[in-house]
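Since the structure comes first, as structure tokens, the remarks are kept for the end.
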2 protein chains.
Amino acid sequence: MKNKQKQIQLRDVQDVIDIIGGRWRGAILASLCDKEKRFNELKRDLGSITPRTLTKELKYLEMNKLIIREVDASSVVTIVYRLTKHGKSLEPLIGQIVIWGQKHRKVVLG
Amino acid sequence: MKNKQKQIQLRDVQDVIDIIGGRWRGAILASLCDKEKRFNELKRDLGSITPRTLTKELKYLEMNKLIIREVDASSVVTIVYRLTKHGKSLEPLIGQIVIWGQKHRKVVLG
DNA sequence: AATACCACTATCTTTTAGGATACTACTTAA
DNA sequence: TTAAGTAGTATCCTAAAAGATAGTGGTATT
């Protein structure tokens, strides 16, 4: 493989890590893989995230077209966040991450 | 799926993100998937990493049993970093990351 | 003998992520 | 009508990540 191509691959890895990286983004996406969720629902799921951080991360993920914020017209209070089609395409990757994570825990602990 | 199980999955995602996350770790591992490399070789590959950061990241990855530092007994100057068996098990995941990264670039740019 | 490369280490500074906490505007249920 | 929940904002602060830069002790090269 050419060197140029390798550089591009490294950049791809860095891009993806940027998207699913940080303390919360991967977990938010994983949580939304399960089903669409509301703000406080996500907050509870994630445990210790602050509302400030959750807001920021949701906006970031929306900007990157991975999730959408939907306001139910019938009521202003009903807002759900759900994965876009593009966001859903992350699901197998997240699945593999979970599997590897479980194996890794065994290797490092055992 | 039970709620407990979901929490564990979120933790797995966070664990893995911790390992391959940050600006450099994923790229270092991806670079070593290609073949084992020397310190300055990695430095050149990664482009703008500083030696301080590279040292720190390599130590972290070594601690997590993903790479090993090998000193060639015949010469003190020949030190290579290579993936452990456990580190190699990350290769398919990194492969998928690269593929998704390429798709993502198209979605966001196009 | 001088220069350049190897694999780092040390120090100092900046940047960024994210926590803590309090507050707002609105709605629904008791 | 009061209390509790929803979906956030605003402000301040801290810790960690990582860059900039210089230096070290060795080796190999010419």
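Heavy-atom basis, side chains included; hydrogens, waters and symmetry copies ignored. Small disclaimer: the values here were computed from a predicted structure and weren't measured. Residue numbering restarts at 1 for every chain, and letters A, B, ... go by the order of the sequence lines.
Using a 4.0 Å cut-off between charged nitrogen and carboxylate oxygen, A/R69 and A/E62 do not count as a salt-bridge pair. Salt bridge B/R23/A/D18: absent, no basic N to carboxylate O contact under 4.0 Å.
Rounded to an integer number of Å, the gap from CZ of A/R44 to P of D/dA4 is 16 Å. Computed from coordinates, the A/E41 CD to D/dG8 P distance equals 13 Å when rounded to whole Å. If you take OH of A/Y60 and C1' of C/dG18, they are 16 Å apart, rounded to a whole angstrom. When the C1' atom of D/dA18 is taken as reference, atom CD1 of A/I17 falls 17 Å away, rounded to whole Å. In this structure, the CZ atom of A/R23 is 18 Å from the P atom of C/dT16, given to the nearest Å. Rounded to whole Å, atom P of D/dA16 lies 13 Å from atom CZ of B/R25. Between the CD1 atom of A/I49 and the P atom of C/dT21 there is a distance of 17 Å, rounded to whole Å. What separates CG of A/N40 from P of C/dT27 is a distance of 16 Å, to the nearest Å.
Here A/R38 does not reach the OP1 or OP2 of D/dG5: none of its side-chain N or O atoms lies under 4.0 Å away. Residue B/K56 places none of its side-chain N or O atoms closer than 4.0 Å to OP1 or OP2 of C/dA10. At D/dG8, one or more side-chain N or O atoms of A/Y81 fall inside 4.0 Å of OP1 or OP2 (strictly under the cut-off). The shortest distance between the side-chain N/O atoms of B/K37 and the OP1/OP2 oxygens of C/dC6 is not below 4.0 Å. For the pair B/R52 and C/dT11, the criterion of a side-chain N or O lying under 4.0 Å from OP1 or OP2 is not met. Under 4.0 angstrom from either OP1 or OP2 of C/dC8 there lies at least one side-chain N or O belonging to B/R69. Applying the 4.0 Å criterion to OP1 and OP2 of D/dA18, one finds that B/T50 has every side-chain N and O outside that range.
In this structure, the side chain to side chain donor-acceptor pair (under 3.5 Å) partners of B/S31, at least two apart in sequence or on a different chain, are B/K37, B/D45. Listed by chain and residue number, A/K35 satisfy the side chain to side chain donor-acceptor pair (under 3.5 Å) test with A/E41 (two or more places apart in sequence, or in another chain).
Note on A/K59: only backbone sugar-phosphate atoms sit closer than 4.0 angstrom, heavy atoms only; bases stay farther off.
With C/dA7, D/dT9, D/dG19 as the choices, the nucleotide that has an atom nearest any side-chain atom of A/T55 turns out to be D/dT9. Closest to the side chain of A/I79, out of D/dA7, C/dG19, C/dA7, is D/dA7.
If you check the side chains of A/W100 and B/S89, you find a donor sitting under 3.5 Å from an acceptor.
With DNA chain D read from its 5' end, the first of the two nearest nucleotides for B/P51 and B/E57 is the one closest to B/E57.
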